[in-house]
Amino acid sequence: MSELSEFIALNSIKGFLADDEGCALRDLAVQTKALGPCLEIGSYCGKSTVYIGSGCKAVGNTLYAVDHHRGSEEHQLGEEYHDASLFDAAHGRMNSFPEFNRAIAAATLTDTVVPVVASSMLTVRDWATPLGLVFIDGGHSHESAMHDCLSWSRHLVPDGYLAVHDLFEHPSDGGQGPYLAFQAVLNSGDFNFIKQVNSLGVLQRK
Ligand code: SAH
Ligand code: MG
């Protein structure tokens, strides 16, 4: 990592991103300054945010971090990836925003990251800023992944990057929503395949 604060923050952040995937995202973010700001869907406790944000900070770019912070289906009470420490009992719901804020502050990224506490659907409705990098890691159902990939990829500038997490070609390895959505964007003919790192796929707009 470029800064000790980011390194310390990364080791203590809960999340679902492998280090090779995070480093690939950070490298992409470093390349985007001339293209436009970065945006991620699905921040959770800020792991991907710190990787992408540290790349943005290095070149003076901005990261919009979109998450309603209410968790995906698998994070809800009684589900496989529920974390009781993120459950707000007073309001009866998940809330990852306090953890997210802690991580961003610990990584000294408060002047780089713009938290958008809202759903992807609401945020994209009036979105008009051309983007240099979009990272999709929100809801993993077919419907959510398809919506996120198709609606946000439209906002990428030529040469801008679309990165999608949790690509599993075989159903036995994981849900097919992100994989099918990634293929749908590729089949549009508007993007070139760049690489896959672990379960992270990267396309570049023509
Ligand atoms: N990128 C994170 C993991 C994201 S987990 C990491 O590096 O660890 C998925 C996140 O997507 C959850 O925090 C959930 O609240 C969010 N999410 C799910 N559906 C969403 C939607 N429709 N709009 C915004 N955020 C959503
Ligand atoms: Mg993921």
Side-chain angles (χ1 to χ4, degrees), residues 1 6 9-26 28-29 38-56 63-77 79-83 85-88 91 93-104 106-107 109 113-127 133-152 162-168 173-182 196-202:
M1 296 305 300
E6 291 154 12
L10 274 171
N11 281 328
S12 62
I13 303 171
K14 295 174 180 183
F16 307 101
L17 196 73
D19 188 57
D20 57 350
E21 299 168 333
C23 289
L25 285 170
R26 189 187 53 206
L28 287 175
C38 300
L39 178 141
E40 74 171 0
I41 300 296
S43 306
Y44 194 58
C45 298
K47 203 167 199 97
S48 51
T49 321
V50 169
Y51 278 106
I52 301 171
S54 71
C56 286
L63 168 61
Y64 292 88
V66 181
D67 197 315
H68 48 43
H69 288 286
R70 290 167 173 261
S72 302
E73 288 167 23
E74 65 273 20
H75 302 134
Q76 303 307 316
L77 197 60
E79 300 298 327
E80 188 179 359
Y81 291 98
H82 179 70
D83 181 336
S85 72
L86 301 177
F87 191 72
D88 176 350
H91 298 95
R93 69 163 179 97
M94 289 290 297
N95 184 9
S96 50
F97 195 45
E99 277 291 318
F100 170 88
N101 277 325
R102 253 193 291 283
I104 298 314
L109 289 172
V113 174
V114 182
V116 181
V117 185
S119 75
S120 170
M121 297 75 177
L122 177 60
T123 308
V124 79
R125 205 188 276 172
D126 297 313
W127 191 268
L133 166 71
V134 167
F135 171 54
I136 303 289
D137 194 19
H140 285 35
S141 67
H142 286 222
E143 192 191 6
S144 282
M146 203 63 84
H147 167 275
D148 289 350
C149 284
L150 295 179
S151 62
W152 285 105
L162 177 72
V164 183
H165 196 227
D166 300 307
L167 301 186
F168 302 113
D173 295 329
Q176 296 283 281
Y179 177 76
L180 294 175
F182 186 81
Q196 179 153 350
V197 177
N198 208 336
S199 79
L200 179 81
V202 181

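Start at 1 with the first residue, then count along the sequence. Note that ligands are numbered from 1 as they come in the structure, with each ligand's atoms numbered from 1 the same way.
Atom 20 (C) of ligand 1 has its closest protein heavy atom at H68 NE2, 3.3 Å. Annotation: atom 8 (O) of ligand 1 to nearest protein heavy atom, F16 N, 2.8 Å. Nearest protein heavy-atom contact of atom 15 (O) of ligand 1 is D67 OD1, 2.7 Å. Regarding atom 3 (C) of ligand 1, its nearest protein heavy-atom neighbour is D137 OD2, 3.4 Å. Closest to atom 24 (C) of ligand 1, if we only count protein heavy atoms, is S120 N, 3.5 Å. The protein atom (non-hydrogen) at minimum distance from atom 19 (N) of ligand 1 is G139 N, 3.3 Å.
The Mg ion (ligand 2) has D137 OD1, H165 ND1, D166 OD2 as protein N, O or S atoms under 2.8 Å away.
For ligand 1, the atoms lying closer than 4.0 Å to a non-hydrogen atom of G15 are 8 (O). Counting the atoms of ligand 1 from 1 in the order shown, those under 4.0 Å from a heavy atom of L17 are 7 (O). With ligand atoms numbered from 1 in the order given, ligand 1 contributes 1 (N), 2 (C), 4 (C), 10 (C), 11 (O) to contacts under 4.0 Å with heavy atoms of G42. In the vicinity of G71, heavy-atom distances shorter than 4.0 Å reach the ligand 1 atoms 14 (C), 15 (O). Residue contact check: G138 has heavy atoms under 4.0 Å from atoms 9 (C), 11 (O), 18 (C) of ligand 1. Short contacts between ligand 1 and S43, defined as distances under 4.0 Å to a heavy atom of the residue, involve ligand atoms 2 (C). Here is the list of ligand 1 atoms found below 4.0 Å of a heavy atom in M121: 22 (N). Of all the atoms in ligand 1, the ones that sit under 4.0 Å from a non-hydrogen atom of A118 are 24 (C).
The main-chain N or O of L133 is never found under 3.5 Å from a side-chain atom of E40 such that the two would form a donor-acceptor pair. The backbone N or O of S72 lies less than 3.5 Å from a partner atom in the side chain of H75, making a donor-acceptor pair. Here the side chain of S54 pairs a donor or acceptor atom with the backbone of V50 at under 3.5 angstrom. Proximity of a side-chain donor or acceptor of E74 to a complementary backbone N or O of Q76 within less than 3.5 Å is not detected. E21 places a side-chain N or O within donor-acceptor distance of the main-chain N or O of A18, the cut-off being under 3.5 Å.
Counting heavy atoms under 4.0 Å from ligand 1, residue H75 touches it through the side chain alone.
W152 and S120 share a side-chain donor-acceptor pair at under 3.5 Å.
At least one side-chain heavy atom of D83 sits less than 4.5 Å from a side-chain heavy atom of Y44. Counting heavy atoms from C-beta on, the side chains of W127 and L39 come closer than 4.5 Å. When side chains are defined from C-beta on, E73 does not count as touching E79, because their heavy atoms never get closer than 4.5 Å. Between L200 and F135 the shortest side-chain heavy-atom distance falls below 4.5 Å.
Evaluation of the side chain to side chain contact (heavy atoms under 4.5 Å, CB included) rule for H142 yields Q176, L180 as partners, not counting sequence neighbours.
Using a 30° and 60° split on the angle between ring planes, H69 and F97 fall in the tilted class, from 30° to 60°.
Ligand 1 does not have H140 within reach: every non-hydrogen atom of the residue lies 4.0 Å or more from it.
Note that SG of C56 is 12.0 Å distant from CZ of R26, once rounded to the nearest 0.5 Å.
Considering S48, G22, A18, S72 only, the shortest heavy-atom separation from atom 18 (C) of ligand 1 involves S72.
Dense packing is recorded around CZ of F168, with more than 12 heavy atoms of other residues, nucleotides or ligands lying under 6.0 Å away.
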